[in-house]
Amino acid sequence: MRMGEAVIFLGPPGAGKGTQAARLAEELGFKKLSTGDILRDHVARGTPLGQEVKPIMDRGDLVPDELILALIREELSERVIFDGFPRTLAQAEALDHLLQATGTRLLGVVLVEVPEDELIARMLKRAELEGRSDDNEETIRHRLRVYREKTEPLVQYYEKTGALRRVDGLGTPDEVYARIRAALGI
């Protein structure tokens, strides 16, 4: 059996992780797992999970780990890109165990870095274009605070393992994509 491969995308909301992860997945044959997309799909379909997580997401808070990990386990495939997961140290440790248990090799953790003022501008524009209820300025600022508190410790976690690849998220999507490919060596 061929060993699975995984790439993790980290970075604050609005950094462009989803766009870049989708392109990398399409070009290299990976399955893109965006917990945000999966959760928004459940909300849109009105599933029991969607009804449970909608108020949490509308506040800009993180969905509980046990719900996210159950989703990840169901969606795991041979070649996968994680977009927006893990978001906490507990999730990172749980994901490490899951990858090890499934024989999946971590190719790298891409940290897309963008200044906060640019992030807010991007997310407000996205909210206007996509009509996303979770992207108003108050919720955006709250999500960035949650990111700093809960997710930034992952940078040190993955830096210690040698898996972290820092990528400048400013510039055209093609420029950022080229930096990501170079950082991963693929």
Leu106 side chain reached by Tyr158 side chain, heavy atoms, under 4.5 Å: yes
Under the side chain to side chain donor-acceptor pair (under 3.5 Å) test, residues paired with Glu93 that sit two or more places apart: none
Leu154 and Leu89, any side-chain heavy atoms less than 4.5 Å apart: yes
Test log, rule side chain to side chain contact (heavy atoms under 4.5 Å, CB included), inputs Leu33 and Phe85: CA-CA 8 Å; Leu33 286 184; Phe85 183 85; over 6 Å; no
4.5 Å side-chain heavy-atom contact, Leu10 and Tyr157: no
Side-chain heavy-atom pair Leu76, Phe82 within 4.5 angstrom cut-off: yes
Check against side chain to side chain contact (heavy atoms under 4.5 Å, CB included), Phe30 and Leu107: CA-CA 12 Å; Phe30 281 72; Leu107 298 178; 3.9 Å; yes
For Lys32, all residues meeting salt bridge (charged side-chain N to carboxylate O under 4.0 Å, His left out), sequence neighbours excluded: Asp37, Asp83
Pairing residues for Arg141 by the side chain to side chain donor-acceptor pair (under 3.5 Å) criterion, not counting sequence neighbours: Glu137
Contact check, side chains of Pro13 and Val146, non-hydrogen atoms, under 4.5 Å: no
Residues that Asp174 engages under salt bridge (charged side-chain N to carboxylate O under 4.0 Å, His left out), provided they are two or more places apart: Arg23
Partner residues of Ala183 under the side chain to side chain contact (heavy atoms under 4.5 Å, CB included) criterion, sequence neighbours left out: Arg165, Val167
His97: partners by side chain to side chain donor-acceptor pair (under 3.5 Å), with sequence neighbours left out: none
Sequence-distant partners of Glu159, side chain to side chain contact (heavy atoms under 4.5 Å, CB included), two or more places apart: Val155, Leu164, Arg166
Whether Gln51 side chain and Gly46 backbone form a donor-acceptor pair below 3.5 Å: yes
Beyond-backbone contact of Val112 with Gln20, side-chain heavy atoms, under 4.5 angstrom: no
Under the side chain to side chain contact (heavy atoms under 4.5 Å, CB included) test, residues paired with Arg181 that sit two or more places apart: Leu24, Glu27, Leu28, Tyr177, Ile186
Contact check, side chains of Pro86 and Asp96, non-hydrogen atoms, under 4.5 Å: no
Partner residues of Arg122 under the salt bridge (charged side-chain N to carboxylate O under 4.0 Å, His left out) criterion, sequence neighbours left out: Glu118
Closest heavy-atom pair and its distance - Pro12, Leu144: CB-CD2, 4.0 Å
Any side-chain heavy-atom pair of Ser34 and Phe9 under 4.5 Å: no
Sequence-distant partners of Glu175, side chain to side chain contact (heavy atoms under 4.5 Å, CB included), two or more places apart: Thr172, Arg179
Pairing residues for Lys31 by the salt bridge (charged side-chain N to carboxylate O under 4.0 Å, His left out) criterion, not counting sequence neighbours: Glu75
Contacts of Glu116 that satisfy side chain to side chain donor-acceptor pair (under 3.5 Å) - sequence neighbours left out: Arg148
